[in-house]
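Please read the structure below before turning to the comments.
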Amino acid sequence: MTISPEKVWWTASEIAAARMPELPNSQKGVDVLAKRLGWRSHPTFARRRSGRGGGWEYHWQLFPLAAQKKLLAHAKSAEPVAPAVAADRDEAWTWYESLPQSVKDKALLRLRVIQQVEALEGNLGRYLAVDQVARLSKCGERTIWNWLDRIEGIRRDDRLPYLAPRHRAAQPRIRTKQCDAEFMDLLKSDFLRLSGPSFASCYRRQLRVAQERGLQTLPPKTAQRRLNATVSPMTQLLARKGIEAVKRRYPTQRRDKTALHALEAVNADFHKFDVFVRWPAERGVPSFVGRPQMVAFQDIYSGRILSWRLDQTPNSTAVLLAAGDMIEDWGIPGHVLLDNGREFAAKVVTGGAATRYRFKVKEDDVPGLFVALGCEIHWATPYSGQSKPIERAFRDMCDTIAKDPRFDGAWTGNRPEAKPEDYGSRAIDLEDFLRVLAEGIEEHNTRQGRRSEIAYGRSFADVFDESYANSPIRKATEAQRRLWLLGAEGLRVNRKGEIAFQNNVYWSRWLLDHAEQAVVARFDPADLWSGLHVYSHDGAYLGQAPATDRSGFFDMEEARIMARTRRGWLKAEKRAADAHRVYTAAELGRRLDEVSPVEPPPPEAKVIRLAKPASRKAADPAPRETGAPSGTVTTLPIRGPAPAEEAPRARFKRALELERAMERGEEITREQRKWLSGYQTSSEYRAEQMLWRDFGDAIFG
């Protein structure tokens with residue numbers, strides 16, 4: 001709503017007759033005042049009077065402040081008539097945001113001038129305020145009045161878009177070359193593939209297709225600009241590099257570790273070293289060379305490696321032993337961040353965890369080590385190394401340990417295509433590798449000059465020791481030590497009070513009281529014959545059951561060795577069988593279809609007379625031996641020469657013709673349909689089809 005007086009335009013005689021404060025009471029006095037103040041030079045608030053007599057009319061806003069107040073005392077409110085440009089605020093601000101900063105600065109300068117005018121207007125009136133501000137800001141009065149006209153009826157917080165130079169309002173006209181949409185679709189489909197072809201090769205291929213179909217095309221540079229304008233860089237990255245490349249572009253989450261303390265949270269993972277190690281022969285298994293795998297537990301607060309174990313493959317036994325070393329030396333952590341691998345999700349490690357989604361969950365599952373100790377378990381995001389801080393330590397070890405000069409010649413390279421020239425020339429003995437590994441991990445923990453937000457130039461060990469001395473640490477009891485020193489399995493006592501495990505039998509007199517009950521057996525994984533520590537399913541310790549029948553495996557390690565040997569033998573037998581199967585069942589079926597007649601031939605006489613050919617061209621191509629007897633002979637049914645082997649390209653062309661006939665609704669024989677369905681499952685058909693999709697019928701030349 002706006003307020004204005006009933007009479008807006010006044011002549012000099014009307015002003016004098018109104019006897020308003022601070023204005024002359026005579027027409028001559030009003031004319032002198034208007035001339036002195038330059039009222040007639042204002043284009044908006046002064047105008048020539050139309051009609052008989054002529055003269056000038058003046059807008060009421062040119063009057064002194066006291067006169068304006070008197071007029072407004074009897075004024076009526078009226079709806080403002082907003083200019084058309086104020087209809088859409090969002091459009092105005094969207095246009096303003098698209099302007100360069102230099103144009104925005106000009107709009108801000110104009111807004112300051114308007115604000116200065118409004119600040120002085122209360123005391124001087126608008127006309128004098130514009131006059132004073134024009135002199136101070138070195139802007140023309142007419143220019144300021146034009147700016148005031150632009151914002152007439154505009155909200156104060158929406159003035160900037162309307163004060164910006166209007167020559168920026170029109171968007172530059174873009175001249176675009178026209179082409180068929182099908183050509184750009186072909187070009188984008190070819191370019192946006194995971195194989196990542198170059199744009200030039202895609203353009204040449206699709207140019208041939210477009211010329212064949214009579215499509216309108218674009219020059220190479222124009223087509224590339226058009227593609228980049230319509231397909232965002234992130235979409236191109238996803239289509240050409242895959243989802244993992246896009247994930248790497250997303251900013252990583254930075255977690256604050258200053259709120260933690262030593263051993264409050266740990267994380268663990270396996271790392272495969274790029275070093276060939278010779279494992280010693282044991283228990284009948286010959287020595288072999290392989291890359292060792294290390295499981296390590298790291299304190300998240302300080303970055304210190306708390307414990308580690310080495311093994312041939314990732315397994316839950318190594319995780320248990322490494323966790324036991326950590327708890328024995330330092331204490332029980334509050335939070336454990338684990339990888340999502342099966343070795344960490346094993347029931348002996350995390351059985352009973354609420355968010356464990358590995359293996360089949362059963363009601364009688366034994367609580368895992370960390371669940372039994374009251375640790376809160378967290379799972380890292382799969383295939384996301386940045387989710388586990390220990391990955392940074394492993395990257396450091398790839399340089400400081402794997403490339404140690406004592407391992408020279410045994411380094412394998414960190415990628416299959418980055419093998420060194422001396423690849424496989426040497427293997428390190430396991431004992432020597434363990435010695436250098438222990439030395440390298442100690443150097444990693446005690447190295448000074450760490451630049452983390454916790455270390456500030458100190459070592460990981462110093463940071464851990466300082467916080468460890470002042471932090472509440474939970475220590476394990478003697479009973480809790482059995483949780484990691486011994487493995488756990490859910491077993492059942494038979495009616496005789498015996499527990500059968502790993503082909504060994506364990507018995508004690510007190511087990512008869514728990515016959516046919518489910519129990520938890522904890523054992524030393526390196527010595528099954530030392531007996532089992534038996535617990536009830538609710539965790540109560542029942543006692544120790546010694547082994548009575550030692551006919552099974554020596555220990556768990558030997559069980560794994562036996563299983564690995566058996567798997568290797570089975571794989572060798574499968575490879576031998578595959579080597580003898582030259583043809584697949586589908587290929588054999590196709591060959592049978594080719595030689596099998598459509599209908600059984602009628603019976604033929606056993607004794608026949610060969611008819612003499614009418615001409616030499618129709619004669620039997622097989623030469624007759626000299627002196628061969630003539631007349632009647634006993635023969636098998638005569639067959640023609642073996643058909644020539646059909647080329648793969650011709651075979652695919654025949655299949656393509658059958659497919660096109662089926663699409664047109666034409667009938668094909670049962671034998672043709674049978675052959676086509678078998679041929680479509682072959683690798684030859686898929687390879688020829690990929691080539692045909694790129695080049696069309698031109699491949700048949």
Side-chain angles (χ1 to χ4, degrees), residues 282-284 309 311 315-328 332 342-343 345-353 356 359-375 475-564 566:
E282 55 182 353
R283 299 184 184 93
R309 286 278 182 157
D311 211 326
N315 57 82
S316 58
T317 302
V319 175
L320 281 177
L321 294 176
D325 294 342
M326 174 187 64
I327 298 171
E328 181 76 24
I332 302 174
R342 300 174 69 89
E343 59 276 2
K347 295 184 180 182
V348 294
V349 181
T350 56
R356 178 179 151 271
F359 305 100
K360 186 176 181 179
V361 178
K362 301 178 181 179
E363 294 182 359
D364 58 345
D365 277 346
V366 179
L369 169 63
F370 292 116
V371 176
L373 293 176
C375 302
K475 292 291 186 178
T477 63
E478 187 65 31
Q480 287 175 324
R481 286 188 174 90
R482 299 192 188 102
L483 297 178
W484 69 82
L485 294 178
L486 307 174
E489 284 289 337
L491 302 175
R492 182 172 292 275
V493 182
N494 63 17
R495 64 180 60 186
K496 298 180 181 179
E498 297 175 334
I499 299 176
F501 178 64
Q502 291 291 325
N503 289 339
N504 294 331
V505 177
Y506 302 87
W507 181 86
S508 183
R509 184 181 299 275
W510 56 267
L511 281 174
L512 293 172
D513 298 333
H514 305 278
E516 298 185 350
Q517 294 182 8
V519 295
V520 176
R522 302 189 182 277
F523 55 91
D524 186 349
D527 188 8
L528 289 177
W529 287 354
S530 62
L532 301 178
H533 290 273
V534 184
Y535 295 76
S536 64
H537 195 266
D538 58 3
Y541 183 66
L542 301 179
Q544 184 181 19
T548 59
D549 184 3
R550 303 183 179 183
S551 60
F553 295 92
F554 292 101
D555 55 25
M556 292 293 291
E557 180 64 21
E558 183 167 342
R560 283 205 303 272
I561 294 174
M562 292 290 293
R564 184 169 60 248
R566 182 174 62 253

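Numbers for residues simply follow the sequence, beginning at 1. All values below were derived from every heavy atom in this structure, side-chain atoms included, with hydrogens, water molecules and symmetry-related copies excluded.
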[atom1]-[atom2] distance between [X] and [Y], expressed to the nearest 0.5 angstrom:
{"X": "E343", "Y": "T317", "atom1": "CD", "atom2": "OG1", "value": "11.5 Å"}
{"X": "L542", "Y": "L532", "atom1": "CG", "atom2": "CG", "value": "12.0 Å"}
{"X": "L320", "Y": "R309", "atom1": "CG", "atom2": "CZ", "value": "10.5 Å"}

Considering only distance and modelled atom types, tabulate donor-acceptor pairs under 3.5 Å from the side chains of residues 514-521, sequence neighbours left out.
from, atom 1, to, atom 2, distance (Å)
H514, ND1, Q517, OE1, 3.4

Heavy-atom closest pair, residues S508 and A545:
CB-CA, 4.3 Å
List the atom of A323, the atom of F370, and the distance in Å for their closest heavy-atom pair.
CB-CZ, 3.7 Å
Side chains of L511 and I499: closer than 4.5 Å at any heavy-atom pair?
yes
V493 vs Y506 side-chain heavy atoms within contact, under 4.5 Å:
no
Run the side chain to side chain contact (heavy atoms under 4.5 Å, CB included) check on V534 and Y541 step by step: do they pass?
CA-CA 6 Å; V534 184; Y541 183 66; over 6 Å; no
Qualifying salt bridge (charged side-chain N to carboxylate O under 4.0 Å, His left out) pairs, either residue in residues 496-511, two or more places apart
none
